[in-house]
Amino acid sequence: IGDAGAAAIAAALPESPRLNDLRLGGNQIGDDGATALANALTRFPNLSSGLHGLRLSGNRIGDAGGIALANALRAEGTGLTRLELATNRLGDGAAAALGAALAQSQKLLAVDVDGNAWGATAEGALAVTVLRADPPPSLLQLEGVRLAQHVAAAGLDDALRDCDNAAILAALRAGAP
């Protein structure tokens, strides 16, 4: 559907208050389409409270689209509990913005961002931010993240040991080398 299709869907979202899970993976959506969807989430609070899942894996979303979606997560009234952005083109800027959004989000329970293009520094910042989140997501997919290295560098060795959330602890340990 590309960016034009995503923008058309974003424009129609306010007329779909019962929609709770939007699955647009593998549709060649780029930054413009992701930004249109993010803008719809922030402009229409009723939509944000009803839409709980936004699945955009396997698209062409880069930093601009990732940052727009992260800003939408931080907006008051956003009701997303699941965000899937795996296998896109997210870079360091998007990783930083998503980390900040995760740290503030009280509702986001599941996040899938594996298979993106960010560097080791951004990857580490995102992993450490997630460990500090309260509450942390119950499902986090950061496949290939060298978590143990980043946790040690940040002095957060106790975060893995003392994590109250068994599901995220298992996922994080599985990702550690």
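By the criterion of side-chain heavy atoms lying less than 4.5 angstrom apart, applied directly or through intervening Ile, Leu, Val, Met, Phe, Trp or Tyr residues, Ile67 is not grouped with Leu98; the two fall into different hydrophobic clusters. If you chain together hydrophobic residues whose side chains sit under 4.5 Å apart, Val113 and Leu80 fall into the same group.
Nearest heavy-atom pair across Asn59 and Asn27 is OD1-N, 2.8 Å. Across every non-hydrogen atom of Gly66 and Ala94, the tightest pair is CA-CB, 4.1 Å. What you find for Ala10 and Ala36 is that their closest heavy atoms are CB-O, 3.4 Å. Across Arg60 and Gln28, no two heavy atoms sit closer than the pair NH2-O, 2.8 Å. The heavy-atom pair separating Arg74 from Ala100 by the smallest distance is NH1-CB, 3.7 Å. In plain terms, the two heavy atoms of Ala6 and Gly33 that are nearest each other are CB-CA, 3.7 Å.
Remark: Asp31 CG to Ile61 CD1 distance equals 7.5 Å, nearest 0.5 Å. Note that the CG atom of Leu54 and the CG atom of Leu56 stand 4.0 Å from one another [nearest 0.5 Å]. Note that CD1 of Ile29 and CG of Asp3 are 7.5 Å apart. Values are rounded to the nearest 0.5 Å. The line from CG of Asp112 to OG of Ser57 is 5.0 Å long, rounded to the nearest 0.5 Å. Here the CG-CG distance, from Asn116 to Asp92, works out to 11.0 Å after rounding to the nearest 0.5 Å. Distance check: Arg82 CZ to Asp21 CG gives 8.0 Å after rounding to the nearest 0.5 Å.
Side-chain atoms of Thr87 never come within 3.5 Å of backbone atoms of Gly58 as a donor-acceptor pair (strictly under, hydrogens ignored). The backbone N or O of Ala86 lies less than 3.5 Å from a partner atom in the side chain of Asn88, making a donor-acceptor pair. Distance alone, capped at 3.5 Å, is enough to place a donor-acceptor pair between the Asp63 side chain and the Gly91 backbone. A donor-acceptor pair under 3.5 Å is absent between the side-chain atoms of Asn39 and the main chain of Leu37, judged by distance alone.
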Query - Asn20 vs Leu51, side chain to side chain contact (heavy atoms under 4.5 Å, CB included): CA-CA, chis, key distance, verdict - result: CA-CA 4 Å; Asn20 62 22; Leu51 184 63; 5.6 Å; no
Requested in this report: Could you walk me through whether Ile9 and Leu22 pass the side chain to side chain contact (heavy atoms under 4.5 Å, CB included) test, one step at a time?
Outcome: CA-CA 10 Å; Ile9 289 170; Leu22 183 57; 4.2 Å; yes
